[in-house]
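This report concerns only the one structure given below.
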Amino acid sequence: MSSLKEHIKIETLPKHIAMIMDGNGRWAKQHSRPRVFGHRNGVKAVREVTEACAELGVEYLTLYAFSTENWNRPMLEVNALMTLLVETLSKEVKTLQENNIKLKAIGDLSKLPPKTCEALLKAIEDTADNERMTLILALNYSARWEITEAVKSIVSNFRQESEKSLDEIDDLLIDRNLSTAGIPDPELLIRTSGERRISNYLLWQIAYTELYFTDTLWPDFRKEDLYKAIVNYQSRERRFGKTSEQLHT
Ligand code: FPP
C-alpha cells in the first residue's frame, strides 16, 4: 500500500509541530469503556506521532497533555492521568534515549503531584543531551498562564533596573520570557476529534501557524494521519501578511 509519506517534501517540512490530542473520552465511550481507557489508548498515538516526527526530521513536537483547566475534571480521571504519565515516562525514557530524543516540559510543573513531577524531571535530566528531536509536553499549561508569567518576569526585571526604557519591550523580549524561549514557533498545529478551538494553547506562538483539524479521535491517530496533515500543510501558501504576487516575484 502506498504511503502519503512519499508525498512529503523534505525542504518544506515543518520544524515544529504542535498537537492538541483530543477525543480520548469520546473514543472510550464508543468502545463502552471508562474515559481512562481512552487516555491509555492515547499513549499509542503519542508513540506513533513521536516516532513519525523523528523519522521525518521534525525538530520539535509539542503535545498538549494536561491543561490548567483539566484539574476541573472528576478527581478519578485527573489521578488516572497523572499516574498514566508517571508510568509512561518511566517506560518510554529508554526509547527516548535509544532514539536520541530530548524531553522538555512547559507549564506550571510545581503544581503537579510530587511523583509525576519527579518522574518528569528525571526523564528531562536523563535525555538532556539528546539532539535528534525535542519532545515538549505541555503539562498544567495554559497560554494565558504563560503570558501572565512572562509579564511578571519582565516587570520585575524592569523594576530592578530603573534606567530601562519601555521601547525595550518587543516581540523578542516577550519570546525570551515565555516557557518556549529558544524554541521556534510551530508552523503547524493539529487538533484531533473534530473540535475547532485553540483551548488556551500556545496563543502567542501560533500567530502565523497553519491550523489543521481532523475528525479522527486521538487514540486512532496514526503515522499516516500525520503524513496527511503535513501534505495538506505543504499545499498551503504561507503569506505572513504579504500578497501572493509578492511571494512569487
Ligand atoms: C483530551 O481528550 C486528552 C487529554 C486531556 C489527555 C491527553 C493525554 C494522553 C494522550 C495520555 C498520555 C500522554 C503522554 C504525553 C504520556 P478528552 O479527554 O478531552 O476527550 P473528549 O473530548 O472526547 O472527552
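Position 1 is the first residue of the sequence, and the numbers go up from there. In each ligand, atom 1 is the first atom listed, and ligand 1 is the first ligand listed.
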Note to self: Give me the atom names and distance for the closest heavy-atom approach of Arg35 to Ala28.
What the structure shows: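 The pair with the smallest heavy-atom distance is CA-CB, 3.8 Å.
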
Notebook entry, point to check: Can you tell me how far the CG atom of Asp220 sits from the NZ atom of Lys44, to the nearest 0.5 Å?
Noted result: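 Separation between the atoms: 11.0 Å.
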
Is [X] touching ligand 1 with its side chain, its backbone, both, or neither, if touching means heavy atoms under 4.0 Å apart?
| X | result |
| --- | --- |
| Trp218 | side chain |
| Asn70 | side chain |
| Leu217 | neither |
| Asn24 | both |

Check: If you measure from atom 19 (O) of ligand 1 to every heavy atom of Arg73, Glu77, His39, which option wins on shortest distance?
Finding: Arg73

Note to self: I'd like the name of whichever of Arg26, Lys91, Arg35 reaches closest to atom 23 (O) of ligand 1 through any heavy atom.
What the structure shows: Arg26

Next item on the list: Side-chain contact test, heavy atoms from C-beta onward, threshold under 4.5 Å: evaluate it for Leu135 versus Lys102 and give yes or no.
Entry: no

Next item on the list: Please tell me if the side chains of Tyr233 and Arg238 come closer than 4.5 Å, counting only heavy atoms from C-beta onward.
Entry: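 Yes - at least one pair of side-chain heavy atoms lies under 4.5 Å apart.
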
Does the side chain of [X] come under 3.5 Å of the side chain of [Y] through a donor N or O and an acceptor N or O?
| X | Y | answer |
| --- | --- | --- |
| Ser244 | Glu237 | yes |
| Gln97 | Asp126 | no |
| Asn200 | Glu69 | yes |

Note to self: For Arg222, is there an ion pair with Asp225 - N to carboxylate O distance below 4.0 angstrom?
What the structure shows: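 Looking at Asp225 and Arg222, the cut-off is not met.
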
Notebook entry, point to check: Has Gly23 got any heavy atom lying under 4.0 angstrom from an atom of ligand 1?
Noted result: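 Contact present.
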
Item checked: Any donor-acceptor pair under 3.5 Å from Tyr212 side chain to Ile230 backbone -> no

For [atom], what's the nearest protein heavy atom and its distance?
| atom | result |
| --- | --- |
| atom 16 (C) of ligand 1 | Thr88 CG2, 3.6 Å |
| atom 14 (C) of ligand 1 | Leu85 CD1, 3.9 Å |
| atom 6 (C) of ligand 1 | Ala65 O, 3.5 Å |
| atom 3 (C) of ligand 1 | Met21 O, 3.1 Å |

Please identify which atoms of ligand 1 are closer than 4.0 Å to at least one heavy atom of [X].
| X | value |
| --- | --- |
| Leu137 | 15 (C) |
| Gly25 | 17 (P), 18 (O), 20 (O), 21 (P), 23 (O), 24 (O) |
| Val43 | 12 (C) |

